[in-house]
Amino acid sequence: MGADGAPSQSVPWRKVLWERQPFPDNYVDQRFLEELRRNEGIREYRYWAVVKEASLVGQQLSCVAIFITFWLYMEQGLLAPETLLWTSLVCGLLGYGLYQAFTSQTDSCSETRTHLADLQSAALFLSFTFGFSPVLKTLTESVSTDTVYAMSAVMLLAHLVSFPYGEPSPPGSLSLNAALFASVCLASRLPGALHTFAMLSCALLVFALWPCLLQRLRENSPLQFTGVCVGVCTGGVGGLASQSLGGAVLLSLAVVSVTFLCPLLLVWLQRHKDNIHGPWDEAEICEDLSHFLH
Amino acid sequence: MEEEAFTDINGKPITLDCHSHSSFCREFTVSSPKVSIGKVMVYTCSVWLLAYAVFFFTQNTAVLSSAILITLVGMMLHIHFVKVDHESLLVIGSLGIQVSSSYASGREVTTFIEMSKIKDIVINEAIYMHQIIYYLCVLLKEPFEPNEVSSVVPLFQSSKPRLGCLVKVYKSCQEILSTCQ
Amino acid sequence: MVLKIFFPQCCNRADSGLLVGRWIAGHDSAVVLAVIHYPFIPGQVKQYIQQMQAQSGVELSVLGSWSLPKEGQEGLESFLRDLSTIFPQERWLQISRQMGKTGFTCEVLSRDQTGGSARRSNEAEAKKESKDGGDGEEEAEEKVIFVHYEQRKVMLSQLHPIANENPENKSEPSTELREMFQTVAHSQPLFFLDKYDDGLLKSTHWQSEGREASIIVELMKQASVPLCIFISWLLSVWTWTCNIWIFSVFPLCFLSSILSTFIQLSYRTEHMRTLSSPKSAEGHTQFMRKANILVSVLVDVALGVFLMSWLYRDDHISMLADALVPAADHVAQQLEELLQWLMGAPAGLKMNRALDQVLGRFFLYHIHLWISYIHLMAPFIEGILWYGGLSACFGLTFALSLLSDMVALFTFHIYCFYVYGARLYCLKIYGLSSLWRLFRGKKWNVLRQRVDSCSYDLDQLFIGTLLLTILLFLLPTTALYYLVFTLLRLVIVLFQGILHLSVDFINSFPLFAAGLRVCRSYRLAEGVKFRVLCEEPGTALHLLMEINPLKFSSVVRTYRTPTYSCYPKDSWAALVKKLFIGELIYPWRHKTTKTD
Amino acid sequence: MGQRRRAGAVKTLSSERDSADVARICNRKHNICMVSDFFYPNMGGVESHIYQLSQCLIEKGHKVVIATHAYGRRRGVRYLTNGLKVYYLPLQVMYSQSTATTCVHSLPLLRCVFVREQITVVHAHSSFSSMAHDALFHAKTMGLNTVFTDHSLFGFADLSSVLTNKLLTITLCDTNHIVCVSYTSKENTVLRAVLNPEIVSVIPNAVDPTDFTPDPSQRPADRITIVVISRLVYRKGIDLLGGIIPELCLKHPDLHFLIGGEGPKRLVLEEVREKYQLHDRVRLLGALEHKDVRGVLVQGHIFLNTSLTEAFCMAIVEGASCGLQVVSTRVGGIPEVLPDDLITLCEPTVRSLCDGLEQVIAKQRSDSFPSPASIHNRVRNLYTWKNVAERTEKVYDKVVGEEVLPLAKRLRRLRSHCGPVAGSIFAFVAMLDFLFLLLLQWLLPDRFMDVAVDATGPHGLWRQKTSRKKFD
């Protein structure tokens with residue numbers, strides 16, 4: 001093999017190494033790169049499906065907006081902490097009922113947490129928050145207001161970025177922690193300890209419990225899910241509008257771009273996709289091998 | 001007793017001086033060029049100019065005196081610890097090898113290695129700074145297993161001659177070693 | 001093989017005679033020790049040599065003959081050769097020196113040829129038989145090296161690294177030079193034969209001058225014995241008092257393990273014990289160790305006495321005492337101001353007011369306690385100082401270590417502050433680190449010693465975040481307190497460290513060895529160096545062997561008396577890390593660990 | 001450090017006892033410098049390839065030196081068999097034994113090596129090794145001809161491979177010739193480093209057939225043993241193996257597995273063994289020395305390779321050379337390596353692999369296979385290092401004739417070939433490299449560098465020396 005003489009075309013070239021062929025080593029056959037394939041196994045995105053998925057992002061945005069709105073109201077004293085407490089209590093109970101309904105409706109076999117446990121952790125939340133609220137109140141008084149705002153803004157951003165949009169419940173620890181940290185920072189700016197308590201419980205409701213309920217909703221009735229998303233978005237925009245128009249406009253722009261424009265961009269960019277595949281690709285293991293282990 | 005001109009690894013001229021006292025006792029002296037007046041001048045002037053510049057801005061005469069002091073002390077240290085004037089290697093058959101390097105100030109550092117400790121003299125390669133050089137070295141035996149090499153004493157460390165010079169020294173060393181085994 | 005003859009310089013001009021010395025086995029070299037002049041009776045020579053051998057333990061023998069022909073002594077040649085039959089050796093050296101020439105000539109006669117007809121040529125053949133492979137064509141002179149050595153220096157010098165004295169475990173096969181040195185050193189009795197006393201034999205070798213001095217030394221040695229006994233008796237009494245039970249109950253033994261004065265005391269005691277051991281030092285190292293200790297003790301005491309003379313002249317002590325209490329007050333006042341400053345907004349830092357107040361009050365109360373304690377002690381301070389000053393007569397080191405102890409006692413409050421601050425800070429850091437892991441949804445896996453990811457429950461996350469927030473916002477306050485008090489602590493530690501280092505230096509520096517290196521540099525030999533003396537054509541090669549003195553650095557390394565070193569325990573990086581995570585630092589190694 | 005290095009370098013003992021007779025250099029055909037991050041004491045395919053190839057080239061009378069980075073205390077200059085000279089250059093290792101690349105910092109040392117060894121061809125190995133890339137770059141700056149051997153396949157999907165491919169494009173854009181180990185690897189390389197396929201040769205790896213001879217007596221009669229020898233990592237499809245083992249072991253009670261190799265995926269196999277109680281039938285031998293491999297291979301009947309990607313699988317050739325039946329996944333260049341009657345190819349799924357193994361086991365029971373000896377005889381002559389060396393020699397002959405692009409052309413080529421952004425960046429880097437070279441040549445002109453004493457080769461000083469040492 002490797003005789004540099006003129007390749008005698010009598011014998012066809014074969015893509016094998018074990019036999020010595022009358023071709024030079026750097027011989028290029030016309031069958032060179034014949035196994036090259038492009039864009040195989042690529043999934044086509046359809047616009048509305050993507051929009052439906054993306055609406056979750058929008059609603060999370062507006063959840064944050066709603067929380068901020070509440071805080072603004074509280075800070076200006078337009079909203080009494082008691083009312084907020086009561087409302088959040090009612091909402092919590094309502095949501096809990098819905099949650100139970102969904103779980104019982106879907107499957108109660110995988111249900112492990114008992115009502116007692118739920119009650120227990122609820123009591124834990126409330127007691128801790130209530131106990132700590134005076135401390136939290138004095139916590140950031142020496143820190144300048146701008147710092148606190150910047151910190152909470154960054155934290156909320158981190159929450160939005162690290163939020164597990166694919167699977168909102170259980171909430172990712174980083175996102176939830178960031179949100180809670182931000183809410184503590186904000187809450188400590190409020191005039192009274194009770195305000196802080198109310199704010200924190202509200203934060204708990206919005207950031208911790210709401211995603212779980214939303215997840216259930218998404219699983220069971222997609223239609224209502226979209227409805228709820230739209231509702232939340234409008235609520236967020238409206239609430240913010242009642243405080244600051246500019247914010248509301250920005251929020252609505254963000255929501256629209258996230259839910260409608262980005263999917264459009266994605267679908268449009270699909271056409272320029274160009275993946276090269278060939279025998280050299282690393283074969284990926286498609287089947288699930290975990291059952292051999294566990 | 002003849003002088004030969006060689007160059008060291010950076011191309012500076014050095015001279016090798018072979019002095020044969022007897023058939024089994026030779027002395028090799030590699031002497032590098034003397035410290036050049038011009039260089040000293042340049043350094044001193046630069047330091048003093050700098051000092052004067054500083055003095056010009058901060059009207060403080062201590063600067064000048066300190067500059068003078070620095071140059072003097074620096075020169076002292078340089079000729080006493082850094083600048084090696086010549087290195088010599090005295091090979092005495094069946095007695096040992098004596099390595100001595102004398103500094104520009106006349107200070108001399110000598111070590112004598114007995115023949116019973118010496119395994120061999122070889123030319124070896126090493127990576128030095130950003131280049132790969134040949135150097136001559138004495139291999140010392142392990143005290144108990146005579147075939148093992150315990151450590152290596154490099155020769156002509158400060159003036160690093162090039163291969164030609166090393167080979168010359170090496171060959172006549174080997175003559176002596178082989179006759180006196 | 002080349003024959004090496006080590007020839008003493010003092011015999012260069014000796015009259016003709018017999019060469020007495022030793023063949024070094026295995027190295028084919030001869031050490032000439034002395035020349036015995038004519039006339040002599042061979043029997044006496046042999047007897048004398050045997051007697052010397054018995055005294056010195058060196059296998060001496062007659063190496064050959066030495067001839068320095070003067071006028072009127074011709075025709076010695078044949079006679080000298082006949083001597084070789086009288087003193088049978090397997091090799092007979094015949095060294096001769098003409099008046100005109102500086103170099104020697106040497107003939108080597110081997111036993112198998114009768115002394116009469118030894119010519120160089122056939123003697124060369126004899127050499128050829130005796131050793132194979134050597135080319136016999138070479139001239140005999142060229143196969144001989146004369147190495148001239150100075151007998152006195154070689155006899156007195158000690159070759160380094162020191163071969164261990166006990167022969168059963170030889171570290172390494174002793175080399176030629178070592179053998180040579182030992183030969184010369186051991187054959188001291190040979191040199192006592194004085195050239196002035198009229199014995200039966202006259203010989204030339206190194207003559208020790210000044211017997212008188214040595215007599216004085218002898219007397220002192222004699223005198224030192226009862227002194228040693230007395231000291232050792234004192235020591236035994238002292239140790240007995242130390243070992244009675246009162247000193248072994250808790251607080252005292254704890255104190256004695258902490259206070260550096262006690263440690264210095266025990267250390268000195270050990271020194272004295274080594275010094276006053278009645279049996280004389282065997283071996284070079286032992287001797288050097290004793291000498292070093294003795295000199296350092298003497299210097300130490302001298303310094304101490306000097307200090308005392310300064311202290312008790314126009315009562316510096318009372319001045320010191322009067323200065324001390326106001327100083328303590330001043331320090332306390334400074335601290336109070338510092339705390340006040342901290343309780344405000346120090347350096348523009350905004351700290352949590354509540355916590356700030358609490359901590360500040362706490363520390364203020366401490367300072368108050370401390371001041372009252374100082375004032376309680378005020379009247380006694382002068383007495384303490386006075387008696388403490390007496391301790392200087394034991395040596396400067398005692399005074400210094402006493403001083404460091406006093407400093408430690410007087411700044412106890414700062415130490416307390418430091419400990420409180422550190423503990424608080426440490427706690428915070430620990431909590432923060434673990435909570436930060438929770439914040440990121442990770443946890444520390446103890447079994448695998450690594451950080452695993454884990455999914456927490458809602459309530460865990462919630463409470464964890466609350467605590468994290470609280471700790472985070474309270475951190476600056478504690479950190480500031482910690483920082484300030486750590487700095488204070490470090491200043492004191494630095495001061496004590498300097499004291500410790502100086503004490504350690506005085507204890508361990510080998511003064512005697514250093515002095516020896518300076519004055520009698522040949523006593524401590526690192527090796528030898530050779531100079532080519534003269535090469536005349538035809539004569540053998542002549543080398544001058546000089547002694548290469550030990551380097552100062554290695555002198556200190558070899559003879560540094562092993563001591564409780566108090567060098568920094570951990571590297572700078574480790575120290576900084578400890579400071580950062582708020583561990584308590586005791587930068588001076590615990591004094592009971594002995595390191596040589 | 002110097003002391004330490006010298007103490008290390010003493011291995012070269014008196015290889016330079018005699019003087020440097022430079023004349024010997026002239027009658028050489030090529031002076032080749034193999035550059036790669038991967039060499040002994042590191043063990044693997046690339047390492048053995050470089051070593052064997054160098055040995056064969058030395059036998060053919062070329063001069064070969066190897067440049068790699070320092071491995072721990074192994075730094076300086078060492079000599080291997082036949083006076084093969086290895087430079088362990090003190091370059092900073094970044095990760096997985098690959099040096100950090102700045103395209104500049106390694107120039108002084110490499111220049112020193114090239115100049116003093118009078119190198120005519122620089123041969124770099126493995127696209128994972130950044131030192132190889134540097135060497136190609138510098139060699140072009142110094143006007144030397146270069147050859148590059150690619151041992152591995154790359155995807156185009158993820159970010160890391162995109163970056164690596166860009167780097168490869170740049171370093172290979174003016175490399176004279178490229179060698180690949182299989183046609184698939186050739187296609188892959190041509191695509192990755194947008195190349196003209198004419199300058200890419202396919203020269204397969206080889207195994208030393210004398211090391212891998214069959215020995216049926218070692219096989220236990222009462223059982224069927226499947227041998228797996230590979231590093232236990234994801235790329236070798238160990239997860240698949242973890243699926244196969246229980247499936248087959250439940251079916252065939254007399255089936256045994258013999259697994260050699262070490263790696264992070266060992267946990268998987270151990271868990272499987274735990275779960276299905278297969279401690280007596282699945283033996284994990286851990287990491288194997290190269291010399292022990294044959295001893296393990298001959299104990300088995302079937303050789304299983306579950307790799308997910310391979311450029312040229314040496315392991316299966318070794319297995320076949322020991323007379324085993326080879327079952328492998330159909331990935332990369334594996335289909336090209338062995339004729340169909342020696343290998344059973346399956347898809348990289350547990351199902352397909354199990355089926356393949358089933359067939360082979362069935363045939364093994366009915367022993368309708370040719371005898372190991374006959375298999376060995378067929379495989380023996382397929383891949384030999386001698387052949388590899390001959391073909392590589394041809395490449396060198398071709399390369400030496402070619403002219404090296406002058407700087408201006410080189411810059412233009414970089415700009416045109418590697419895209420506007422990366423191209424101009426690296427044109428700039430090439431400029432820097434050139435200027436740096438000028439600086440170095442001004443600091444230390446080539447004429448001040450000693451030409452290295454040449455010890456290599458059958459008639460080199462090495463042999464003379466050893467022989468002379470014998471009788472004195």
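All figures in this text were calculated on a predicted structure; none of them were measured in a lab. Proteins get letters first, then strands, A, B, ... in listed order; numbering begins at 1 in each.
Looking at D/L89, both its backbone and its side chain come within 4.5 Å of chain B, counting heavy atoms on both sides. Within the 4.5 angstrom heavy-atom criterion, only backbone atoms of D/Y88 (N, CA, C, O) approach chain B. D/R111 does not touch chain B: none of its heavy atoms, backbone or side chain, sits under 4.5 Å away.
In this structure, B/F81 places its CZ atom where more than 12 heavy-atom neighbours from other residues, nucleotides or ligands lie under 6.0 Å away. No more than 12 heavy atoms of other residues, nucleotides or ligands shown are found within 6.0 angstrom of CD on D/Q92. By the 6.0 Å contact criterion, OH on D/Y71 is enclosed, its count of non-hydrogen atoms from other residues, nucleotides or ligands being greater than 12. Under a cut-off of 6.0 angstrom, the local environment of OH in D/Y40 is sparse, with at most 12 non-hydrogen atoms contributed by other residues, nucleotides or ligands.
Note that CD1 of B/I132 is 11.5 Å distant from CG of D/D450, once rounded to the nearest 0.5 Å. From B/I9, atom CD1 reaches atom CE of D/M449 across 10.5 Å, with rounding to the nearest 0.5 Å. Between atom CZ of residue D/R116 and atom CD of residue B/Q131 there is a gap of 9.5 Å, rounded to the nearest 0.5 Å.
Nearest heavy atoms, B/E125 versus D/Y79: OE1-OH, 3.4 Å.
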Item checked: Full working for side-chain contact (heavy atoms from CB on, under 4.5 Å) between B/L163 and D/V453 -> CA-CA 9 Å; B/L163 187 57; D/V453 180; 3.9 Å; yes
